[in-house]
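Structure first, then comments.
Residue numbers count from 1 along this sequence. The structure presented is a predicted model; accordingly, all values stated were derived computationally and were not measured.
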Amino acid sequence: GQAVLNYISDEVYNDIAGCPLIDRIAYTKAVSYRLKNPGLERWRSDLWYMDDTALEFARYTPTTGHRPEAENEIIADTKTLDALGVPAQVGETVSLTYEVKGKSYTTDFTLCGFWETDNLSNIGRLIVSKAFVDTHSDILTYTYPIDNDYSGIVTAYVMFRGTDDIEAQLHQLLSETGYICDTMGGSKEDGNYVIARVSPAYQSGALMGNPAMLISGLVGVALIVVTGYLIIYNIFQISVIQDIQSYGQLKTLGTTKRQIKRLINRQALRLSLVGIPIGLLVGFFIGRALV
């Protein structure tokens, strides 16, 4: 989505969902952030309900099986299933122990679908059906403003009809539906305050629309490039000057041009045999760590 509304209630979602500024809106509801199953302490996973649009936005649409429909059906990513010790096969039983509003529940679900865990993901997802959420609406009440409990909160992801100035469209959306966020001068004490922000993936448009910020960014990048160039150039320049002086002294002592050439080649070979493998290995592991 271009914008997200976090920690809202169903009432707020219903007020906003029908606004004509919206092209598509994804609905998600948190069931539990506290899963007690062995194996999930190493791989954090959450229990949610997501509609079809949310599954598409998050790339959680099952590649095998189908989305959950019956009350006891569930879908999950493959790494979460592996952490639970459940084979990635449709029809398997997924027994979950989870906490909602301080109380523990255990439910046996039937796996009706799954998808491959994204390599860049650091969290797992288990998705229940709308029937499950409706049946357990009594325990999935919205109490976040009172106790900061995530169970029952709604998160909505919005795609607007236009792509220009997403933040301005977000402000217009909230204004027309009677809500405010912090970037509109609102505070959490206001009864109509919601936590809303523009997705970082769509903030480049705001940068292009702000020439001062764009120029500052370009100047900063140019300074980094020039500074890096000068540092590397000066290091090599000092090294070359020292080598020229060393070879000059050797020539003064009677060393021939062929001998100096052989000396340089031998030194280059020795440095390459040591430096290139170490550089490749260090670069590989640092690159993997950064990714």
Side-chain angles (χ1 to χ4, degrees), residues 1-4 6 42-44 56-60 77 79 116-124 157-160 162-171 181-185 195-291:
Q2 295 167 325
V4 59
N6 278 324
R42 294 179 289 105
W43 171 250
R44 181 191 157 195
E56 180 187 337
F57 280 7
R59 297 182 187 146
Y60 293 161
D77 65 282
K79 193 168 182 178
E116 291 291 331
T117 308
D118 192 310
N119 289 332
L120 298 179
S121 177
N122 61 354
I123 191 169
Y157 299 90
V158 178
M159 290 291 285
F160 293 103
T163 57
D164 298 332
D165 200 344
I166 305 300
E167 186 169 355
Q169 293 190 77
L170 176 60
H171 288 178
C181 64
D182 53 357
T183 57
M184 298 169 66
I195 299 173
R197 69 178 189 275
V198 176
S199 168
Y202 291 90
Q203 287 178 348
S204 58
L207 179 64
M208 296 301 292
N210 190 334
M213 189 180 297
L214 181 61
I215 292 171
S216 299
L218 292 174
V219 169
V221 171
L223 283 173
I224 292 171
V225 171
V226 170
T227 304
Y229 166 77
L230 290 175
I231 291 172
I232 295 171
Y233 177 82
N234 286 334
I235 290 172
F236 274 96
Q237 183 74 0
I238 292 169
S239 178
V240 167
I241 290 172
Q242 290 175 342
D243 286 346
I244 289 174
Q245 291 175 344
S246 175
Y247 297 136
Q249 292 170 352
L250 289 173
K251 198 166 186 180
T252 302
L253 293 173
T255 308
T256 65
K257 185 176 180 181
R258 179 176 295 179
Q259 288 174 323
I260 291 176
K261 186 175 181 181
R262 190 183 304 124
L263 183 67
I264 292 173
N265 288 335
R266 191 181 303 140
Q267 183 182 11
L269 180 63
R270 187 167 62 250
L271 291 173
S272 298
L273 289 174
V274 175
I276 291 174
I278 293 176
L280 289 173
L281 286 172
V282 171
F284 172 75
F285 287 113
I286 290 177
R288 279 188 64 88
L290 290 174
V291 169

Spatial distance of atom CG (L170) from atom CG (D165) [nearest 0.5 Å]: 10.0 Å
Positive for side chain to side chain contact (heavy atoms under 4.5 Å, CB included) with I235, one of I238, I232, I231: I231
Side-chain donor or acceptor of S246 paired with backbone N/O of Q242 under 3.5 Å: no
D77 CG to R59 CZ distance, which is reported to the nearest 0.5 Å: 14.5 Å
From OH (Y157) to CG (N6), nearest 0.5 Å: 6.0 Å
Pairwise distance CZ(F236) to CD1(I241) - rounded to 0.5 angstrom: 13.5 Å
Set of side chain to side chain donor-acceptor pair (under 3.5 Å) partners for R197, sequence neighbours left out: none
Derivation of the side chain to side chain contact (heavy atoms under 4.5 Å, CB included) call for L253 and Q249: CA-CA 6 Å; L253 293 173; Q249 292 170 352; 5.6 Å; no
N119 CG: over 12 foreign heavy atoms closer than 6.0 Å: no
Closest contact, heavy atoms only, K79 versus T117: N-OG1, 2.7 Å
Rounded distance (nearest 0.5 Å) linking atom CD of E167 with atom OH of Y202: 16.0 Å
Distance (rounded to the nearest 0.5 Å) between M159 CE and S199 OG: 9.5 Å
Identify each donor-acceptor pair in which a side-chain atom of residues 256-277 lies under 3.5 Å from a protein atom, sequence neighbours left out, and give them as a table.
residue	atom	partner	partner atom	Å
T256	OG1	Q259	N	3.2
T256	OG1	Q259	OE1	3.3
Q259	OE1	T256	N	3.0
N265	ND2	K261	O	3.3
Q267	OE1	Y247	OH	3.0
S272	OG	A268	O	2.8

Nearest heavy atoms of F160 and A3, plus distance in Å: CE1-CB, 4.0 Å
